[in-house]
Amino acid sequence: MKTIAVTGGAGFIGSHLCDMLLKLGYEVLCVDNCFTGTKANISHLLSNPRFEFIRHDITFPLYLEVDEIYNLACPASPIHYQFDPVQTTKTSVHGAINMLGLAKRVKAKIFQASTSEIYGDPQIHPQREDYFGYVNPIGFRSCYDEGKRCAETLFFDYRRQHKVVIKVARIFNTYGPRMHPNDGRVVSNFIVQALKGEPITIYGDGKQTRSFCYVDDLIEAFILLMDTSDDVTGPMNLGNPGEFTILELAEKIIYLTNSKSQIVFKPLPHDDPKQRKPDISLAKEIIGWDPKINLEEGLRYTIKYFDKLFS
Ligand code: NAD
Ligand code: UDP
Ligand code: UDP
């Protein structure tokens with residue numbers, strides 16, 4: 001039976017990954033410092049004898065014996081990663097060095113949760129993996145974008161220099177149950193506002209676009225990518241290519257929640273990307289993956305979760 005470490009395992013995506021790995025019969029070590037994640041996300045797993053929670057900050061060394069590592073630890077929403085930007089860079093860079101050092105020592109395969117943010121405010125559309133991006137190195141988002149870019153560099157240098165087996169996924173906006181209700185991301189914000197009958201806050205004119213992937217589809221791709229042969233490294237875009245304006249998203253959520261909320265317009269945050277949509281040809285070709293859950297269906301599941309959370 002394989003032992004698999006999931007850093008950031010008490011977070012939104014990480015907790016769904018822990019669920020799936022346990023379902024597949026593996027032993028799971030969930031490593032998290034609970035900065036944005038919570039024990040509530042994994043409380044249903046604590047009694048499972050194949051599950052262990054380790055409270056630890058990955059910017060410090062960690063000695064474990066594992067076969068695989070999924071490195072997800074890092075705050076992902078702009079308000080959280082900008083709260084302590086130096087720590088965000090440390091988590092991406094020192095954290096990656098420690099987890100790669102661990103992978104090197106125990107000869108484990110290691111997966112990196114990279115991000116579409118490494119493309120910055122992209123000048124080509126949709127984004128393919130061979131696009132190098134258009135990133136501000138000194139702005140408010142840079143701690144996250146440049147941290148994740150440096151982590152990718154480290155992954156490829158550990159492969160070239162130390163023959164570590166790596167899998168790098170570039171994740172596009174993902175949503176679903178267990179998103180933090182106050183983390184400021186657009187899907188959770190709009191659903192919470194709609195359910196509470198509060199104004200729906202659109203930043204800018206709402207014409208900027210994003211492509212939203214439901215979390216179950218994403219987890220399926222993680223496992224498929226981890227199980228590829230050692231020569232498959234990525235980077236591989238993972239996301240749902242369905243592209244929507246933020247205004248369309250707001251209208252959909254108002255409709256699905258049957259809400260009386262009004263839309264209000266607020267200033268656009270710094271360096272907010274105008275367009276984002278993944279080209280997922282590589283994922284289709286290499287891992288035979290295509291997301292199945294469309295935005296409306298995924299939003300229904302997510303609304304149900306938040307509805308229950310508040311009732
Ligand atoms: P999240 O904030 O819910 O999860 C991140 C987890 O990492 C949290 O549990 C947090 O406590 C933990 N963490 C943060 N710093 C840590 C540290 N130094 N040591 C140990 N644990 C630490 O966010 P998420 O949406 O689940 O994102 C998971 C990963 O996926 C992140 O690496 C993020 O950058 C990446 N990603 C997410 C999205 C998305 O749309 N959700 C998109 C692109 C990339
Ligand atoms: N490391 C770790 N767990 C391990 C092995 C290494 O956390 O099981 C850390 C270690 O503290 C080191 C980092 O990973 O700082 C990088 O390890 P590597 O072997 O690449 O570098 P070195 O030890 O030579 O600095
Ligand atoms: N956004 C918005 N209202 C909100 C939260 C976000 O209009 O209450 C916008 C935000 O400016 C961005 C998009 O929605 O254009 C996605 O924001 P999010 O923070 O979810 O993700 P990211 O910008 O990292 O893709």
Side-chain angles (χ1 to χ4, degrees), residues 8 10-16 19 32 34-44 72 74-83 115-117 140-141 144 171-219 239-240 242-270 272-273 276 293-311:
F12 156 52
I13 297 176
S15 62
H16 287 278
D19 284 346
D32 203 298
C34 292
F35 173 50
T36 52
T38 63
K39 268 177 124 178
N41 284 340
I42 50 163
S43 57
H44 60 293
L72 272 63
C74 186
S77 91
I79 55 166
H80 283 145
Y81 68 65
Q82 288 168 24
F83 172 75
T115 168
S116 54
E117 285 281 324
F140 290 91
R141 293 176 90 102
Y144 185 72
I171 304 163
F172 284 64
N173 298 60
T174 297
Y175 68 100
R178 303 194 198 134
M179 289 185 94
H180 200 295
N182 301 322
D183 79 358
R185 280 186 275 193
V186 69
V187 173
S188 44
N189 262 16
F190 286 1
I191 292 179
V192 171
Q193 290 162 344
L195 289 175
K196 293 188 168 169
E198 293 168 358
I200 307 272
T201 54
I202 289 190
Y203 304 157
D205 59 11
K207 291 195 184 121
Q208 69 271 41
T209 69
R210 292 293 187 272
S211 302
F212 299 100
C213 185
Y214 188 67
V215 64
D216 289 2
D217 278 330
L218 185 77
I219 299 299
N240 189 322
E243 183 183 7
F244 297 87
T245 67
I246 296 304
L247 188 59
E248 284 170 330
L249 177 74
E251 285 163 349
K252 240 180 216 309
I253 290 175
I254 291 173
Y255 166 73
L256 291 172
T257 51
N258 206 8
S259 173
K260 303 233 175 331
S261 292
Q262 301 294 312
I263 289 175
V264 296
F265 293 89
K266 302 244 172 182
L268 198 63
H270 294 276
D272 200 89
R276 192 182 284 152
I293 299 170
N294 68 29
L295 183 60
E296 191 157 318
E297 186 182 358
L299 286 176
R300 282 186 200 280
Y301 300 143
T302 313
I303 290 166
K304 209 165 147 187
Y305 166 78
F306 280 109
D307 208 13
K308 211 165 148 197
L309 195 69
F310 296 136
S311 61

Is there side-chain contact between [X] and [Y], with at least one heavy-atom pair below 4.5 Å?
X      : Y      : result
Asp19  : His44  : yes
Gln82  : Tyr144 : no
Asn240 : Asn294 : no
Leu295 : Tyr175 : yes
Lys196 : Ser261 : no

Look only at the side chain of [X] and the backbone of [Y], and say whether a donor-acceptor pair between them is shorter than 3.5 Å.
X      : Y      : result
Ser211 : Arg276 : yes
Gln208 : Tyr203 : yes
Glu243 : Thr209 : no
Ser15  : Ala10  : no
His16  : Pro177 : yes

Open item on the list: Holding to side-chain hydrogen bond (donor to acceptor under 3.5 Å, both in side chains), I want the full list of residues that pass it with Tyr301, two or more places apart in sequence or in another chain.
Closed with: Glu297

Open item on the list: Show, in sequence, the C-alpha distance, side-chain angles and deciding distance for Val215 and Arg178, and conclude whether the side-chain contact (heavy atoms from CB on, under 4.5 Å) test is met.
Closed with: CA-CA 10 Å; Val215 64; Arg178 303 194 198 134; over 6 Å; no

Could you pull out all donor-acceptor pairs under 3.5 Å where a side-chain atom in residues 244-251 meets a protein atom, sequence neighbours excluded?
{"residue": "Thr245", "atom": "OG1", "partner": "Glu248", "partner atom": "N", "Å": "3.0"}
{"residue": "Glu248", "atom": "OE1", "partner": "Thr245", "partner atom": "N", "Å": "2.8"}

TODO: Please check if any side-chain donor atom of Thr36 sits under 3.5 Å from a side-chain acceptor atom of Asp183, or the reverse.
DONE: no

Task: Asp307 bridged to Arg300 by N-O distance under 4.0 Å - done: no

TODO: Can you establish whether the number of heavy atoms outside Glu198 located under 6.0 Å from its atom CD is more than 12?
DONE: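 Yes, because the 6.0 Å sphere around CD of Glu198 holds more than 12 heavy atoms from other groups.
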
Open item on the list: Using a 6.0 Å cut-off, check whether atom CZ of Phe265 has over 12 heavy atoms from anything other than its own residue.
Closed with: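 Buried by this count: over 12 neighbours within 6.0 Å.
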
Task: Non-neighbouring partners of Asp216 that pass salt bridge (Lys or Arg N to Asp or Glu O under 4.0 Å), sequence neighbours left out - done: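 With sequence neighbours excluded, Asp216 shows a salt bridge (Lys or Arg N to Asp or Glu O under 4.0 Å) to no residue whatsoever.
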
